[in-house]
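Data block below; observations after.
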Amino acid sequence: EVVRLTKLKYRYKRIASLIGLGIKTVRLILTALNKKDPEIQIHSYDETSWSERKESGPERLVREYLESKKIEHRQEVQIEPGSKWFFDFQVIGTNLLIEVQGDYWHCNPALYKTPINEYQKWAQRRDFAKKDYAKKIGYNVFPIWENDLNNNKDEVFSKLERIITKCKVEQ
């Protein structure tokens with residue numbers, strides 16, 4: 001089953017959830033079978049694989065905004081093939097990546113003084129490493145918090161437009 005799902009270009013996490021195994025176990029199986037990351041998924045989702053990932057409500061708001069302003073972008077994008085990091089959005093023609101952060105899951109500092117559980121501690125470390133990786137390869141990361149979208153959407157999108165302008169690169 002792991003091999004079949006690999007051929008359908010499912011990512012490790014999705015395969016693990018479909019067959020009830022851990023992600024590390026799926027990776028071990030694929031490693032033993034000499035299957036490599038590029039056989040699973042690289043770059044951005046396309047129309048045929050988009051259905052394997054559920055878009056969150058806050059991500060939908062950001063996508064709809066980008067589309068309404070005709071801002072060219074890619075969603076759920078891996079900047080470098082083989083990297084473990086996927087970003088919610090990449091704005092084409094810029095060095096800007098957008099991460100839409102759920103308040104609870106990413107431990108919004110405006111709402112939580114300190115992480116309230118181990119998952120939030122882990123998420124903070126992961127988010128820091130992800131942002132650090134993007135910076136090292138020449139990208140800026142603009143985080144958009146769920147709370148800000150819910151309470152200050154116009155302000156968030158106004159700031160996003162200013163940042164897009166600042167991050168434009170010559171092609």
Side-chain angles (χ1 to χ4, degrees), residues 5 8-23 26 40-79 83-135 139-167:
L5 293 172
L8 293 173
K9 300 201 182 292
Y10 284 121
R11 292 172 54 208
Y12 293 134
K13 187 175 180 181
R14 180 72 172 146
I15 293 170
S17 70
L18 286 171
I19 61 176
L21 293 174
I23 294 171
V26 170
I40 306 296
Q41 179 70 41
I42 59 170
H43 300 301
S44 180
Y45 284 96
D46 58 27
E47 292 82 27
T48 59
S49 64
W50 179 251
S51 62
E52 76 181 67
R53 183 191 171 278
K54 186 174 166 113
E55 178 181 56
S56 72
E59 287 173 335
R60 180 183 47 76
L61 287 174
V62 172
R63 177 184 50 79
E64 289 173 349
Y65 176 79
L66 293 171
E67 290 172 351
S68 76
K69 295 294 186 175
K70 299 190 180 349
I71 297 171
E72 194 176 353
H73 64 280
R74 293 191 316 160
Q75 190 170 2
E76 191 61 23
V77 63
Q78 184 183 36
I79 301 301
S83 165
K84 68 179 182 177
W85 302 118
F86 280 79
F87 294 86
D88 294 328
F89 297 94
Q90 175 189 23
V91 179
I92 305 300
T94 71
N95 66 346
L96 181 64
L97 302 168
I98 302 168
E99 281 291 286
V100 183
Q101 309 283 359
D103 294 326
Y104 174 80
W105 298 108
H106 294 269
C107 194
N108 184 343
L111 303 176
Y112 299 93
K113 290 182 182 185
T114 61
I116 61 172
N117 58 41
E118 288 304 312
Y119 182 86
Q120 286 184 339
K121 289 177 187 174
W122 174 81
Q124 282 185 326
R125 288 190 305 270
R126 183 195 60 207
D127 292 343
F128 178 82
K130 192 174 181 180
K131 188 175 182 178
D132 188 53
Y133 162 78
K135 186 177 179 181
Y139 283 86
N140 295 296
V141 178
F142 179 62
I144 297 178
W145 289 99
E146 176 184 17
N147 185 56
D148 293 335
L149 275 176
N150 291 336
N151 296 310
N152 306 309
K153 184 169 45 174
D154 293 339
E155 187 178 316
V156 168
F157 291 145
S158 177
K159 186 174 182 180
L160 176 59
E161 282 193 43
R162 288 191 305 274
I163 289 172
I164 289 171
T165 301
K166 286 181 183 179
C167 292

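What you see is a predicted model, and the numbers here were worked out from it, not measured in a lab. This chain uses plain numbering: 1 for the first residue, then up along the sequence.
- N108 has its side chain out of reach of Q101: every pair of non-hydrogen atoms, C-beta onward, lies at least 4.5 Å apart.
- Between K130 and E99 there is a salt bridge, since a side-chain N of the basic residue sits under 4.0 Å from a carboxylate O of the acidic one.
- Expressed to the nearest 0.5 Å, how far NZ of K69 lies from CD of E67 amounts to 13.5 Å.
- A salt bridge does not link K159 with E155: none of the charged nitrogens is closer than 4.0 Å to a carboxylate oxygen.
- In this structure, D88 and E76 have side chains that are in contact, with non-hydrogen atoms separated by less than 4.5 Å.
- Here the CD1 atom belonging to I163 is positioned 8.5 Å from the CG atom belonging to N140, to the nearest 0.5 angstrom.
- Counting only residues at least two apart or on different chains, the ring pair (Phe, Tyr, Trp, His ring centres under 6.0 Å) pairs with a member in residues 141-162 are Y65-F157.
- The minimum heavy-atom distance linking P58 with E146 is given by the pair CG-CG, 4.0 Å.
- Looking at heavy atoms from C-beta onward, N117 lies in side-chain contact with Y104 at the 4.5 angstrom threshold.
- A side-chain donor from one of E55 and Q75 sits under 3.5 Å from a side-chain acceptor of the other.
- Checked by atom type and distance alone, the side chain of Q90 never pairs as donor or acceptor with a backbone atom of R74 at under 3.5 Å.
- With a 4.5 Å cut-off on side-chain heavy atoms, W85 and K131 do not count as touching.
- Taken to the nearest 0.5 Å, the CG atom of D154 stands 10.5 Å off from the CG atom of L149.
- The side-chain heavy atoms of L61 and V100, taken from C-beta on, include no pair separated by under 4.5 Å.
- To the nearest 0.5 angstrom, N95 atom CG is 12.5 Å from K135 atom NZ.
- Of the inter-residue distances, the one linking L66 atom CG with I98 atom CD1 reads 5.0 Å to the nearest 0.5 angstrom.
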Worked check of side chain to side chain contact (heavy atoms under 4.5 Å, CB included) between Y133 and K84
CA-CA 10 Å; Y133 162 78; K84 68 179 182 177; over 6 Å; no
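- Checking side-chain atoms of N151 against main-chain N and O of N147 turns up a donor-acceptor pair under 3.5 Å.
- Taken to the nearest 0.5 Å, the NZ atom of K166 stands 14.0 Å off from the OG1 atom of T94.
- Smallest separation of non-hydrogen atoms from P115 and C107: CA-SG, 3.6 Å.
- Every residue two or more places apart in sequence or in another chain that forms a side chain to side chain contact (heavy atoms under 4.5 Å, CB included) with E72 is listed here: I92.
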